[in-house]
Protein chains: 2
Amino acid sequence: MIDAAGLRVMKAIADEGSFTSAANALGFTQPAISQMVRRLEQRTGTVLVERYGRQVRLTEAGQVLARHAVGVLAALDAAEEEITAIAGLRAGRVRLQAFPSSSATLVPRTLAILKARHPDITVTFTEAEPPESLAALRRGDCDVAVAFAYEGGDLGELEEDLSLLVTRRLLDDEVRLVVPRTHPHAEDEAATLADFSGEEWIAGCPRCRGHLLALADTAGFRPNVAFETEDYVAQLGLVTAGLGVALVPDLILNAAKHDEVATLPLSPASRRQILAVTTPDLLRVPAVAAALDALCEAAGADPGVSPAHLVGGEA
Amino acid sequence: MIDAAGLRVMKAIADEGSFTSAANALGFTQPAISQMVRRLEQRTGTVLVERYGRQVRLTEAGQVLARHAVGVLAALDAAEEEITAIAGLRAGRVRLQAFPSSSATLVPRTLAILKARHPDITVTFTEAEPPESLAALRRGDCDVAVAFAYEGGDLGELEEDLSLLVTRRLLDDEVRLVVPRTHPHAEDEAATLADFSGEEWIAGCPRCRGHLLALADTAGFRPNVAFETEDYVAQLGLVTAGLGVALVPDLILNAAKHDEVATLPLSPASRRQILAVTTPDLLRVPAVAAALDALCEAAGADPGVSPAHLVGGEA
DNA sequence: CGTTTCCATAATCACCCGTTATGATTGGTC
DNA sequence: GACCAATCATAACGGGTGATTATGGAAACG
């Protein structure tokens, strides 16, 4: 019944004292004001303006509208300002979830880039394994999820989780075999997994363990898993102590100290893909886009975007 | 850029959780919501709604709008309620100005009627002589003026003051000659003014005095004005004391005690018109209309309205 | 008394904002 | 694994809002 335009007009009349001035103040012509008032009057069924001679003044009802106009228009302007602030990266929120081992280097570097570039954006970060982070993304509790998938392994399984989502490949993380310095194969150029079928193995998180099992299966043996820990630093410690061997991604090795062990590339090589995941709509939210850019930059990847179902396709 | 309708839609989506439910809640169809959101999004240049699968949820920017919607819509409703209250006589204001001698009976009776009929209306009353009350009316400081005009006398003069105004004739107030009980003509049926050319006169307010002078001039003499007071009770007291004679309107005589004097109708009769005056627009304001009705009722007049320039025309 | 300066009205036109009808896609179900 | 229900998107269409220009009438002013 009453809209913002009507209030704006009433306020302008109250402020300016005449239809003509109000029209000028609002950038309209005088007849626009004239019939705007008339429409308002017949909508409310009330006399809003008293025309006396060639001057106009608001009736009590008109003053009521003009008075309320102040608050309403202020609130409207405030809303608009907030929106443009979000659009202009002068405000906004990004909720990031990433898997634990990315927290060490990728995420901190991303947050630093983001903070430097857009200091007014609020970034929240939660550590979560891919299944949970993607669930949060689908649920709407998260804006960007950083996930990983082992090539050939759970890429297919992940793919179904990625339907309706978009991803950016951040980096290809090569998996290396970590053995004690004193190990007979410690000086090899590369490691063939079958050579280690008799070792005791140290496994990580459920999905990493799954990857280990898959690789071993391909190599024709079942690994003897003696220890399990999700903490890669602990894994390196166990290897250092000579208690077994482990598969550890490069990303971890670049960040953690590992002088006491030998790290061998696998032959054939095995990699995991690290992906940033979000929804198509969120991609168009400036703060989210900025976060993705920062993630790419931190990972040193090109900032190309690919729909979820193309993840394993090319490359 | 952002209007009330848009906010209403965003709030409905936030509350209901889907376009379809929001549409039902607002009484619209689903496509209406769909393209309303699209328009809002391209107007603000921002993603407001995140479509994931077949569910929708607000982005941060969308939540900003939904949050502001509460306040804005509440304020809008409040304004609308105030307006309808004024229209429904459950609120409103009437500023009444009346000439002093009407304050005795006409105005109190009017206020009583008004208060009984519409207890929620605020009535303010100011005593003012016709020139001032009409000026206030023109200035917008008054809603209803109760004025009077002597027939034949200043009716023409008043008429020019009444341009652009509307009037209601409240009553015709006959003017009587007041003389001491002991006066030789005290028992006459009627008074011919010429018979009192030698008396000492008691005059009232400037315009009443003007009327006296006009009547005397017609009768062929210049009255010897010995006393002047605007207080009619004082005039009656002066007459009672035998200090002179006076012209006093019936309205006063009906209200004030005057046992000690004789009141004679004039021949030819002389009347003053008592009018309620307002502007054409204010006439359509419910509270003002109610006040005019109450005035008519208090005066016992028919509630006909006549444009100002017809005041002296018929009757 | 003309002249200016207001506001009102008429005619016109664009676009906003609804509608109905229909399609695309998701997500559950037998 | 294919149907089925639910949800949002889109197209086509129509009415009304809300602006414009052009014009008229009345009031205040010199």
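Since the model is a prediction, treat every value here as computed from it, not as a measurement. Numbers restart at 1 for each chain; the letters A, B, ... are given by sequence-line order, proteins then strands. Hydrogens, waters and symmetry mates are skipped; everything else that's a heavy atom, side chains included, is used.
In this structure, A/R138 atom CZ and C/dT26 atom P are separated by 14 Å, rounded to whole Å. At whole-Å resolution of the value, OH in B/Y52 and C1' in D/dA9 are 19 Å apart. Rounding to whole angstrom units, CD of residue B/E50 and C1' of D/dT7 are separated by 16 Å. Distance, B/D281 CG to C/dC7 P: 13 Å, rounded to whole Å. In this structure, the CZ atom of B/R8 is 13 Å from the P atom of C/dC17, given to the nearest Å. Protein atom CD of A/E16 is 16 Å distant from nucleotide atom C1' of C/dC7, rounded to whole Å. We find that CZ of A/R51 is positioned 17 Å from C1' of C/dT5, with the value rounded to whole Å. Rounded to an integer number of Å, the gap from A/L164 CG to D/dC8 P is 14 Å.
The pair A/R95-B/E60 does not meet the salt-bridge criterion, since no charged nitrogen lies less than 4.0 angstrom from a carboxylate oxygen. Under 4.0 Å is where a charged nitrogen must lie from a carboxylate oxygen, and between A/R168 and A/D293 at least one such pair does.
Because its NZ or CZ atom is both nearer than 6.0 Å to the ring centre of B/F148 and within 45° of the ring axis, B/R207 counts as a cation-pi partner of that residue.
Interface remark: the B/R54 side chain does not form any donor-acceptor pair with the C/dT25 base, using a distance-only criterion of under 3.5 Å.
Within residues 17-41 of chain B, the residues approached by DNA chain C to less than 4.0 Å at the level of any non-hydrogen atom are B/G27, B/F28, B/T29, B/P31, B/A32, B/Q35, B/R39, in residue-number order.
When the side-chain nitrogen and oxygen atoms of A/R43 are compared with OP1 and OP2 of D/dG16, none of them lie within a distance under 4.0 Å.
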> side chain to side chain contact (heavy atoms under 4.5 Å, CB included) between A/T278 and A/L165: does it pass, once the steps are laid out?
Replying inline: CA-CA 6 Å; A/T278 187; A/L165 299 176; over 6 Å; no

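Between the B/S133 side chain and the B/P130 main chain, a donor and an acceptor come within less than 3.5 Å of each other.
Under the 30°/60° scheme for interplanar angles, the aromatic rings of A/H211 and A/Y150 are found to lie parallel.
When the nearest nucleotides of DNA chain D are assigned to A/A5 and A/Q55 by heavy-atom distance, the more 5′-ward of the two goes with A/A5.
Using a 3.5 Å distance cut-off with no hydrogens or angles, the side chains of B/T279 and A/E50 do pair a donor with an acceptor.
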